[in-house]
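Worksheet: one structure, shown below.
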Amino acid sequence: MYGSEFDGSAAFSGGGFMPSQATQAPDPSFSTSKNRDSQSLLPLTVKQINEALLTSDDKSNFSIDGVDVNNVTLVGRVCNRTGRVTDVTFLLDDGTGKIECNKWVQEFVDSNEVEGILEGMYVRIHGHLKGFLGKRSLNVFSIRPITDFNEIASHFIDCIYVHLYNSRLRKLQGVGVTTQPQMPNSSGTPMMGHQATSVNQLSSQYGNVGGQKNIEQMVLDFLQLPASNADEKGVHRDFIAQQLRVSVDKLMLAIQNLVEEGLIYSTTDDFHFKSTING
Amino acid sequence: MDTSNPSVFVNAELLRLYVGRRVRAVIQVLRSDGGVVTGKSTDENQIIVKGSPPVPLSNFVEVIGIADTEKSIRAEIWSNFGNTFDTHTYNQLCQLANGEFKHLFL
């Protein structure tokens with residue numbers, strides 16, 4: 001299917017079931033970070049939003065500490081609340097400044113949510129930062145009253161931490177390349193480390209392993225290799241047996257267990273198998 | 001979008017630096033006599049808050065208003081913060097917000 005151009009990291013980077021860091025493990029230079037960072041939720045103060053830079057290429061994009069800002073979370077008091085049939089607007093005052101917020105009321109749950117929001121109340125909001133004609137405002141997804149007031153201090157400490165992380169730690173990591181992406185390998189979770197294993201390593205490694213209990217793991221690892229996923233039909237059991245140097249009987253026991261666990265499945269017939277993880 | 005009138009996180013010690021400015025502080029209420037509330041700031045020192053406190057007043061209260069002297073705040077907004085509150089963390093935040101990370105707040 002994918003031929004010789006098959007690129008494991010690219011193929012898996014969008015997979016819903018893959019742990020996010022694992023996609024970075026095999027190739028530190030491969031960067032999913034841009035995509036992921038732009039989707040991340042930033043805790044911010046209004047002051048930070050006020051000072052956010054407009055990125056030049058697109059007038060609706062903001063950047064804070066070198067990170068694209070889209071979704072944000074803020075904590076503050078509700079002022080100047082105006083409710084209408086279709087939407088609710090208010091100013092959020094977090095003590096560092098005030099920002100206009102708008103929440104569209106489309107469904108019953110929305111109107112329930114906004115009716116509980118009263119003037120002067122402390123709230124946590126999640127929303128999307130947008131800029132229009134030089135004015136910055138928040139398109140609110142969720143608004144929730146604060147009941148434990150320690151959340152206020154906690155939010156601002158979050159802001160400080162994320163600012164520190166984005167402005168300093170990230171740069172340090174950029175120079176020394178990837179402290180974080182290497183973590184999954186050292187964690188030793190079999191699911192996470194598999195992509196780093198090449199076929200060559202695999203056969204020598206498996207030559208030394210004995211005993212029924214490891215066969216399942218071997219089969220799983222083998223089926224999760226990019227090469228095993230290249231064919232939609234999966235891999236024939238005889239080929240697995242041959243590669244892993246185990247008898248077909250022992251192999252089928254392991255395969256049966258893995259199928260019951262939902263980790264692999266048979267494809268076009270009862271002899272071809274694929275890992276559920278890489279779809 | 002308006003950041004011209006922020007309210008600074010303060011404890012009793014930091015309050016002295018902001019006389020005439022808008023501040024916010026959390027106090028543990030010790031006494032309440034009419035319009036004057038005496039409270040313990042998050043750094044354990046006493047401050048006086050004037051204004052119209054809500055009834056009832058919970059153990060911990062956040063006040064936002066103008067620092068009118070080095071030891072008192074003329075409060076405009078009172079928020080009951082309940083009967084338990086992590087004053088230590090809040091106090092640390094006061095220090096961070098007035099120190100190394102002041103630019104995120106002011």
Side-chain angles (χ1 to χ4, degrees), chain A residues 42-52 62 64-65 75-80 91-101 118-123 129-138 145-164 166-168, chain B residues 1-11 14 18 21-28 41-43 52 54 57-67 73 75-106:
Chain A
L42 286 176
L44 293 174
T45 66
V46 174
K47 172 81 189 313
Q48 284 176 289
I49 292 175
N50 193 36
E51 290 181 348
F62 297 96
I64 293 176
D65 301 325
V75 169
R77 294 176 65 253
V78 173
C79 311
N80 298 4
L91 284 177
L92 186 82
D93 180 355
D94 76 345
T96 73
K98 298 187 180 89
I99 187 166
E100 287 80 22
C101 298
L118 306 174
E119 186 85 15
M121 205 177 236
Y122 267 103
V123 292
L129 177 62
K130 59 176 187 181
F132 183 65
L133 300 174
K135 207 174 105 175
R136 289 158 195 205
S137 63
L138 292 178
I146 280 183
T147 51
D148 179 344
F149 293 94
N150 288 312
E151 190 171 342
I152 298 168
S154 160
H155 167 73
F156 287 105
I157 291 166
D158 258 359
C159 293
I160 292 174
Y161 173 75
V162 169
H163 162 72
L164 196 60
N166 285 336
S167 58
R168 296 195 195 161
Chain B
M1 191 91 225
D2 173 20
T3 54
S4 59
N5 194 20
S7 44
V8 195
F9 279 108
V10 295
N11 53 28
L14 291 159
Y18 294 99
R21 303 263 305 269
R22 198 172 155 83
V23 294
R24 56 172 153 172
V26 171
I27 56 164
Q28 182 170 12
S41 171
T42 50
D43 62 357
S52 332
L57 207 54
S58 67
N59 189 9
F60 290 95
V61 181
E62 183 203 51
V63 293
I64 301 176
I66 309 293
I73 299 170
E76 291 155 13
I77 298 162
W78 303 72
S79 308
N80 278 328
F81 270 19
N83 291 321
T84 55
F85 188 73
D86 184 350
T87 53
H88 176 73
T89 302
Y90 192 90
N91 198 50
Q92 300 270 345
L93 175 63
C94 289
Q95 282 161 0
L96 289 170
N98 285 280
E100 198 184 341
F101 299 99
K102 197 169 176 174
H103 59 287
L104 301 185
F105 296 86
L106 289 178

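The sequence lines fix the lettering, A, B, ..., with proteins before strands; numbering per chain opens at 1.
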>> Taking the ring of B:F101 and the ring of A:F156, is the distance between their centroids below 6.0 Å?
In response: no
> So how far is it from B:L93 CG to A:C159 SG, rounded to the nearest 0.5 Å?
Replying inline: 9.5 Å
> Taking every heavy-atom pair that is under 4.5 Å apart, which of A:N150, A:T45, A:I157 has the most such pairs with chain B?
Replying inline: A:N150
> Which bit of A:L91 is near chain B, if near means a heavy-atom gap under 4.5 Å: side chain, backbone, both or neither?
Replying inline: neither
>> Looking only at heavy atoms and a cut-off of under 4.5 Å, which of A:Q48, A:R136, A:E100, A:H163 has the most pairs with chain B?
In response: A:H163
> Tell me, side chain or backbone of B:Q92 under 4.5 Å from chain A's heavy atoms, or both, or neither?
Replying inline: neither
> Can you check whether A:F149 and B:F60 have ring centres sitting under 6.0 Å from each other?
Replying inline: no
> So how far is it from B:T3 OG1 to A:K98 NZ, rounded to the nearest 0.5 Å?
Replying inline: 10.5 Å
> Taking the side chain from A:K47 and the backbone from B:L106, do they hold a donor-acceptor pair closer than 3.5 Å?
Replying inline: yes
>> Please report the interatomic distance CG(A:L138) to CE(B:M1), rounded to the nearest 0.5 Å.
In response: 8.0 Å
> Among A:T147, A:I146, A:D94, A:L92, which has the most heavy-atom pairs under 4.5 Å with chain B?
Replying inline: A:D94
>> Report which part of B:N80 has an atom under 4.5 Å of a heavy atom belonging to chain A: side chain, backbone, both, or neither.
In response: backbone
> Contact part of B:S4 toward chain A, heavy-atom cut-off under 4.5 Å: side chain, backbone, both or neither?
Replying inline: neither
> To the nearest 0.5 Å, what is the distance between OG (B:S79) and CE (A:M121)?
Replying inline: 11.0 Å
> Can you tell me how far CG of A:D93 sits from CD1 of B:I64, rounded to the nearest 0.5 angstrom?
Replying inline: 6.5 Å
> Does a side-chain heavy-atom distance below 4.5 Å link A:I160 with B:E100?
Replying inline: no
> Do you know which of B:I77, B:V26, B:T84, B:V8 has the most heavy-atom pairs under 4.5 Å to chain A?
Replying inline: B:I77
> For B:L104, is it the side chain, the backbone, both or neither that has a heavy atom under 4.5 Å from a heavy atom of chain A?
Replying inline: both
